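A note on names: the letters A, B, ... follow the listed sequences, proteins ahead of strands, and every chain is numbered from 1. The structure presented is a predicted model; accordingly, all values stated were derived computationally and were not measured.
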Amino acid sequence: MLDRKYILENADAVKQNCDNRNVKVDVDRLVQLETARRVKQQEVQDLNTEANAASKKIGQAKDDAQREPLKVAARQLNKNKDAAQDEHDKLDAEINELQLLVPNMAHPDCPVGVDDKSNLELGRGKHAPREFDFKPLDHLELGEKHDWIDFEGGSRTTGNGFYFLKGEMVLLDLALQQYAVAELMKRGFTPTVTPDLAQDSVLEGIGFNPRGPETQIYSIENMNLSLIGTAEITLGGLYSGKTVMDTELPIKLCGISHCYRTEAGAAGRASRGLYRVHQFTKIEMFAFTLPEQSDAVHEELRQIECDLFDAIGVPYRVVDTATGDLGGPAYRKYDLEAWMPGRGESGEWGEVTSTSNCTDYQSRRLNIRYKQKDKKGTNFVHTLNGTAFALSRALISILENHQNADGSVTIPEVLRSIMGRDVMGAA
RNA sequence: GGAGAAGUGGCUGAGUGGUCGAAAGCGCCUGAUUGCUAAUUAGGUGAACGGGUCAAACCGUUCCGCAGGUUCGAAUCCUGUCUUCUCCGCCA
């Protein structure tokens, strides 16, 4: 969330930003409430001073006879104090509700526009979409042909949107993970296998609403636990409430987890197969940085995503997300969209990664700070996240781009030694 | 899963209803002193929020895992919750 003081002092910029992002929030009311709250806060503090002094006097009294009348007075003071506190808390709660709706400010270079039509293509990967001299299959057909992906079994055991990976597909899945983790370790990331469940309070801290009619989150009955939708939740939770030394930053983590999403109301042709599923494995990059580092680290995350997809020979384009298409916490977001020959009529771009600089929007909520030696006080860190591989979609991109006329799939060079073969699905 | 114990400042650790934001030690910072890779000594040393200031100083409120409760008053008593440890049981 944004700092209240910042909102108060930059109300016009905040309003403009909300318009750019196509988010409706009553900023004026927020400002008005916060101004009132500050006055009330002073009142509460003064009443507290009074009540504390009165209590102290009772402690110093000689005997009960002296004490009783003082108690009566103190009780009244406390009543006044509590009443003022209640009024303050009400204001505070209302402000908080509004404050949570206010999105992060956007990077000045961010393309301005109310939806994804204004997204800006920044560039393409090393590999251009391939011209097939045969009719390419989609990943579902390939998966069925070789018994690599079993959706029917997934539905029967678990439900629609679940699947089994089998045979060489498992080798590919594991090889991608191993490759990504090794590459990220080379670049200073600490590999971190996280829990797949987290306490609801952690979800809420990161900005997910675990229970309720519109939730995308699976939660465990009779427990305050939910399945995570991304390792961002657990990795953020890992540092929530902590203060680190500035010299430790940037902290770069490579999260490995399963991700669970209900995907309520997202069925249809565009989400066939592995594209939109309820469970997938994800190798996620996450970074905590100093404020002045975050832009550079964001570029680094984007570059890593490009390097990974170049390495597996998948064509992609890089998109600079427009203001109206940004999630609330993002200051700037780049997506990689891979070419998927089996998608749509004759191939379409499909999102495979996403990297966001969330500046201090999440850390303020999570209370993650850094301290500078010899300086008083602390500041909020910046947080960034980026997908290395979301396995489900990475698998689609490899199968569909590297398929051969006979239905086999040529394995990207960097994965061959890991998988112990050059081709999968060979006759 | 059952029984018990515990969570205090950067760390160790005292504190069972008021004088406690909190003893003591360690660490760290500043000064003094000794001519030696350190000792001795004096002092200082948490955070958030609000006010204040050019910036400080300074003032106020809050914070002893977290959330509630009792009380004029809670680190201290009560409830819930999270975490850790010990013992028992079960288990990959």
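Residue-level contact check: A:T378 touches the backbone only, with heavy atoms under 4.0 Å from sugar-phosphate atoms and none from bases. Among the protein residues, A:L70 comes within range of no part of the nucleic acid, since none of its heavy atoms lies under 4.0 Å from any strand.
A salt bridge is absent between A:E50 and A:K81: the closest approach of a Lys/Arg side-chain nitrogen to an acidic carboxylate oxygen does not fall below 4.0 angstrom. With respect to the salt-bridge test (charged N to carboxylate O, under 4.0 angstrom), the residues A:K15 and A:D28 qualify.
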Nucleic acid footprint by protein, nucleotides 55-64 of chain B - heavy-atom cut-off 4.0 Å, B for base, S for sugar-phosphate alone
-----BSS--
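In this structure, the CZ atom of A:R67 is 11 Å from the P atom of B:rG18, given to the nearest Å. One atom, CG of A:D200, and another, C1' of B:rC66, lie 15 Å apart when rounded to the nearest Å. Atom CG of A:L77 is separated from atom P of B:rU71 by 17 Å (rounded to the nearest Å). Going from atom NZ of A:K242 over to atom P of B:rG65 covers 17 Å, rounded to whole Å. Between A:Q372 atom CD and B:rA47 atom P the separation is 13 Å, expressed in whole Å. Atom-to-atom, NZ of A:K5 to P of B:rA48 comes out at 12 Å; the value is rounded to the nearest Å. The interatomic distance linking A:I58 (CD1) with B:rG17 (C1') rounds to 13 Å, in whole Å. Rounded to whole angstrom, the span from the CG atom of A:D89 across to the C1' atom of B:rG68 amounts to 14 Å.
Residues satisfying the ring-ring contact (aromatic ring centres under 6.0 Å, His included) criterion with A:F189, sequence neighbours excluded, are absent altogether. For A:H88, there are no ring-ring contact (aromatic ring centres under 6.0 Å, His included) partners at least two apart in sequence or on another chain. Checked against ring-ring contact (aromatic ring centres under 6.0 Å, His included), A:F380 has no partners two or more places apart in sequence or in another chain.
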Compile the donor-acceptor pairs under 3.5 Å between side chains in residues 413-427 of chain A and protein atoms, sequence neighbours left out, one pair per line.
residue	atom	partner	partner atom	Å
A:R416	NE	A:I411	O	2.8
A:R416	NH2	A:I411	O	3.0
A:R421	NE	A:M419	O	3.4
A:R421	NH1	A:E168	OE2	2.7

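Judged by distance alone, the side chains of A:R38 and A:Q42 never bring a donor and an acceptor atom under 3.5 Å apart. No donor-acceptor contact under 3.5 angstrom links the side chains of A:N119 and A:T321, judged on distance only.
A:H139 and A:Y275 have their aromatic ring centers separated by at least 6.0 angstrom.
Comparing the same atom, C1', in B:rU76 and in B:rG65 gives a spacing of 16 Å after rounding to whole Å. For the C1' atoms, the distance from B:rC87 to B:rC77 is 28 Å, rounded to whole Å. One C1' atom belongs to B:rU33, the other to B:rU40, and the distance between them is 8 Å to the nearest Å. Taking the P atom of each, B:rC64 and B:rC11 are spaced 16 Å apart, rounded to whole Å. The separation of B:rU45 from B:rU53, taken at their P atoms, amounts to 25 Å, rounded to a whole angstrom. Between the P atoms of B:rG69 and B:rA74, the separation comes to 12 Å (whole Å). Atom name C1', nucleotides B:rA39 and B:rA32: the rounded distance is 14 Å, in whole Å. Here, B:rG4 and B:rU16 have their P atoms 24 Å apart, quoted to the whole Å.
Neither OP1 nor OP2 of B:rC49 sits under 4.0 Å from any side-chain N or O of A:R4.
Here B:rG89 sits opposite no nucleotide as a Watson-Crick or G-U wobble pair (both hydrogen-bonding atom distances under 3.5 Å). Shown here, B:rG25 forms a base pair with B:rC11; the pair counts as Watson-Crick or G-U wobble because both key distances fall under 3.5 Å. As the counterpart of B:rU81, B:rG65 is assigned, both hydrogen-bonding distances of the Watson-Crick or G-U wobble pattern falling under 3.5 Å. Nucleotide B:rA55 forms a pair with no other nucleotide shown, judged by Watson-Crick or G-U wobble geometry with both contacts under 3.5 Å. Pairing partner, B:rC20: none, since no Watson-Crick or wobble contact has both distances short of 3.5 Å. Pairing partner, B:rC36: none, since no Watson-Crick or wobble contact has both distances short of 3.5 Å. With a cut-off of 3.5 Å on both Watson-Crick or G-U wobble distances, the partner of B:rG31 is given as B:rU41.
In terms of position on RNA chain B, the residue among A:R369 and A:K56 whose nearest nucleotide sits closer to the 5' end is A:K56. When each of A:A51 and A:R38 is assigned the nucleotide of RNA chain B with its nearest heavy atom, A:R38 is the one assigned upstream, toward the 5' end.
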Show your working on salt bridge (Lys or Arg N to Asp or Glu O under 4.0 Å) between A:R302 and A:E305 and close with a plain yes or no.
CA-CA 5 Å; A:R302 183 183 52 73; A:E305 294 180 350; over 6 Å; no
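In the set B:rG18, B:rG51, B:rA47, B:rA47 carries the atom at the smallest distance from any side-chain atom of A:K371.
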When you compare the protein's N or O atoms with those of nucleotides 80-83 of chain B, which come within less than 3.5 Å of each other, and at what distance?
residue	atom	partner	partner atom	Å
B:rC82	O3'	A:Q199	NE2	3.2

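Note: A:D115 CG to A:R21 CZ = 14.5 Å, rounded to the nearest 0.5 Å.
Smallest separation of non-hydrogen atoms from A:A65 and A:P69: O-CD, 3.2 Å.
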